[in-house]
Amino acid sequence: MIAKELVDIDTDDAVGEALSRLRGFIRANARRLTADDPAFAVDLEQEGAIAVWRLDPTRLEGDDEPYLRGAIFKQMQRAARNERRKGMGRFSGC
């Protein structure tokens, strides 16, 4: 049995490495999906980071990068669409 502490450390490292590698991708897509609304873009960047964490990069290999990017983008798209549907303030026109 693998100790929980080892799994968490490995996952934390993998998430951190994936976020470092994908930060530009996440940021560019957040800006694109929000028409450069800075506050909304920050929210979508967080959604992108959460998507990386949920996907657990320890399960993925180097050739899974297109899958990872696609899954992150879809989550960010879904979050943007949901926010627009709520019609919340300045975000409703995005």
Side-chain angles (χ1 to χ4, degrees):
M1 183 159 161
I2 300 173
K4 182 179 179 347
E5 293 81 16
L6 292 177
V7 173
D8 288 343
I9 291 169
D10 290 344
T11 301
D12 286 347
D13 290 345
V15 169
E17 289 170 13
L19 284 173
S20 292
R21 191 174 67 250
L22 295 164
R23 179 92 41 217
F25 170 81
I26 292 170
R27 183 168 288 134
N29 282 295
R31 288 184 181 139
R32 190 176 78 173
L33 289 167
T34 62
D36 287 326
D37 181 325
F40 193 18
V42 168
D43 289 345
L44 282 187
E45 285 182 43
Q46 291 175 352
E47 287 293 332
I50 291 167
V52 171
W53 175 75
R54 285 184 179 151
L55 288 164
D56 184 7
T58 60
R59 299 179 302 119
L60 305 172
E61 297 179 10
D63 58 348
D64 290 328
E65 187 84 13
Y67 166 79
L68 184 60
R69 286 174 179 257
I72 293 166
F73 182 74
K74 286 178 186 175
Q75 177 58 35
M76 292 170 70
Q77 244 182 345
R78 191 176 306 115
R81 185 173 38 249
N82 289 342
E83 191 66 29
R84 284 187 207 105
R85 283 185 184 152
K86 289 180 192 176
M88 298 186 68
R90 68 178 186 267
F91 302 145
S92 61
C94 296

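Ile50 contributes atom CD1, which lies 12.0 Å from atom CD1 of Ile72 (distance to the nearest 0.5 angstrom). The CE atom of Met76 sits 11.0 Å away from the CD atom of Gln46 when rounded to the nearest 0.5 Å. Interatomic distance, Thr34 OG1 to Glu83 CD, rounded to the nearest 0.5 Å: 11.5 Å. Considering CG of Leu68 and CG of Asp63, their distance stands at 12.0 Å, rounded to 0.5 Å.
Hydrophobic clustering, with ILVMFWY side chains joined whenever heavy atoms are under 4.5 angstrom apart, groups Phe25 together with Tyr67.
Every residue meeting the side chain to side chain donor-acceptor pair (under 3.5 Å) condition with Glu65, not counting sequence neighbours, appears here in chain and number order: Arg21, Arg69. Looking at residues two or more places apart in sequence or on another chain, you find a side chain to side chain donor-acceptor pair (under 3.5 Å) between Gln75 and Glu47, Arg78. By the side-chain contact (heavy atoms from CB on, under 4.5 Å) test, Leu19 is found to be paired with Val15, Arg23, Ile26, Ala49, Val52, residues two or more places apart in sequence or in another chain being considered.
The two residues Ala18 and Pro57 make their nearest non-hydrogen contact at CB-CG, 3.8 Å.
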